[in-house]
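First the structure, in the form of structure tokens, and then the observations on it.
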Amino acid sequence: MVTLCKLHVLFLGLSLGVPLALAQAPPRADPHAASDLVVHVKKNGATIIVDVEMAVQVPPLAAWDVLTDYDHMAQFVTNVQASKITDRKGNTLVVAQKSGTSFGVLKFSFDNVREVELVPHSEVRSKLISGDMKASAFTTRIVSDGGGGARVFNHGEFVPTMWVPPVVGTAFLEAETRKQFHELRNEMMRRTMTPKAAMPAVQ
């Protein structure tokens, strides 16, 4: 049980390569799982490898706007308490986030800083500067599906400072990753259906 609580905190630190969102419960069947959102998480030694493929019926630019909207991420991503671009040089950003979650009476908080390299409007590369991991790097690609929608591909590898159980731990991370991408897709759809509610993102 304590290990699962720690995993909540650990995964909060992946927010910028894979903008994060965490549930406040242990692993369970995910009602949002579907053929248009495929998630695989596996261990290779101490390294956790995450791969995601998601289809969304919005233009690629709309997907980009959500995935790079760091200054507003706390408004639509679960458990992100604060998110801010603290420095920018061209297409390279430094983004700081504060996140929190709870498990029963236990409460956890997490701060992380990442360097984010943008390849407008198709790719986001992120690596950890400081946080609760030994190393972390993620790449998110956005491509057109040829029919007006977009496909989002995410690949990341991170090395936690704690031991992650090979079965329970990876199942937990897979469920949480699926949930976070479902949240992101909801925000993409919301902004597309209600343009006036959309917020500016990194260009």
Non-hydrogen side-chain atoms of V116 and T92 separated by less than 4.5 Å
no
Flag, side chain of R88 to backbone of G90, donor-acceptor distance under 3.5 Å
yes
Could you go through V66 and F76, starting from their C-alpha distance and side-chain angles, then the distance that decides it, and tell me whether this counts as side chain to side chain contact (heavy atoms under 4.5 Å, CB included)?
CA-CA 9 Å; V66 171; F76 59 86; 3.7 Å; yes
Can you tell me how far apart CG (L184) and CG (N154) are? Round to the nearest 0.5 Å.
10.0 Å
Looking only at heavy atoms, which two atoms of R114 and I129 are closest? And how far apart?
C-CD1, 3.8 Å
Let me see the working for D51 and H40 under side chain to side chain donor-acceptor pair (under 3.5 Å), right down to the final yes or no.
CA-CA 5 Å; D51 283 288; H40 295 291; over 6 Å; no
Distance col, row K43:NZ vs W163:CH2, nearest 0.5 angstrom, shows 6.5 Å
Separation between CE (M188) and CE (M193), nearest 0.5 Å, reads 13.0 Å
Has T47 got a side-chain atom pairing as donor or acceptor with V159's backbone, closer than 3.5 angstrom?
no
Without swapping roles, check the side chain of T194 against the backbone of R191 for a donor-acceptor pair under 3.5 Å.
no
Close side-chain approach of V94 to V113, heavy-atom, < 4.5 Å
yes
Shortest non-hydrogen pair, A82 vs A74, comes out as N-CB, 4.2 Å
Note: S136 and M133 closest approach over all heavy atoms is CB-SD, 3.9 Å
Partners of A62 by side chain to side chain contact (heavy atoms under 4.5 Å, CB included), sequence neighbours excluded?
V58, P59, T192
When rounded to the nearest 0.5 Å, the distance separating CD of E187 from CD of Q75 is 8.5 Å
Short N-O contact, R125 and E123, less than 4.0 angstrom
yes
Side chains of F153 and V143, heavy atoms from C-beta outward: is any pair under 4.5 Å?
yes
In plain terms, say whether D36 and R151 are close enough for a salt bridge, that is, a side-chain N and a carboxylate O under 4.0 Å apart.
no
Using a 4.5 Å cut-off on heavy atoms from C-beta on, say whether the side chain of I48 contacts that of L173.
yes
Is it the case that the side chain of D69 and the backbone of M73 share a donor-acceptor pair, with hydrogens and angles ignored and the cut-off at 3.5 Å?
no
Can you tell me how the ring of H121 sits relative to the ring of W64, calling it parallel under 30°, perpendicular over 60° and tilted otherwise?
perpendicular
Does a side-chain heavy-atom distance below 4.5 Å link I142 with L67?
yes
Using modelled atom types only, decide if a donor and an acceptor are shared between the side chain of E117 and the backbone of S126 within a distance under 3.5 Å.
no
Minimal non-hydrogen separation, A150 against P60, with atom names
CB-CA, 3.8 Å
Side chain to side chain contact (heavy atoms under 4.5 Å, CB included) between Q97 and D111: does it pass, once the steps are laid out?
CA-CA 6 Å; Q97 287 193 334; D111 294 280; over 6 Å; no
Residues Y70 and S83: closest non-hydrogen pair is O-OG, 2.5 Å
Under 3.5 Å: donor-acceptor pair, side chain of E174, backbone of V41:
yes
To the nearest 0.5 Å, what is the distance between CD on Q57 and CZ on R185?
9.5 Å
Pairwise side-chain contact, K84 with D71, heavy-atom cut-off 4.5 Å (strictly under)
yes
Candidate pair T177 and V50, rule side chain to side chain contact (heavy atoms under 4.5 Å, CB included), full reasoning:
CA-CA 9 Å; T177 303; V50 181; 4.1 Å; yes
Heavy-atom distance under 4.5 Å between the side chains of L118 and L93, does that happen here?
yes
K127 atom NZ: more than 12 heavy-atom contacts under 6.0 Å:
no
Step by step, would you call E176 with K179 a salt bridge (charged side-chain N to carboxylate O under 4.0 Å, His left out)?
CA-CA 5 Å; E176 296 308 315; K179 181 183 182 295; 5.8 Å; no
Hey, mind stepping through R178 and L37 against side chain to side chain contact (heavy atoms under 4.5 Å, CB included) and telling me if it holds?
CA-CA 7 Å; R178 185 174 290 107; L37 176 52; 3.8 Å; yes
Student check: side-chain heavy atoms of V124 and F138 closer than 4.5 Å
no
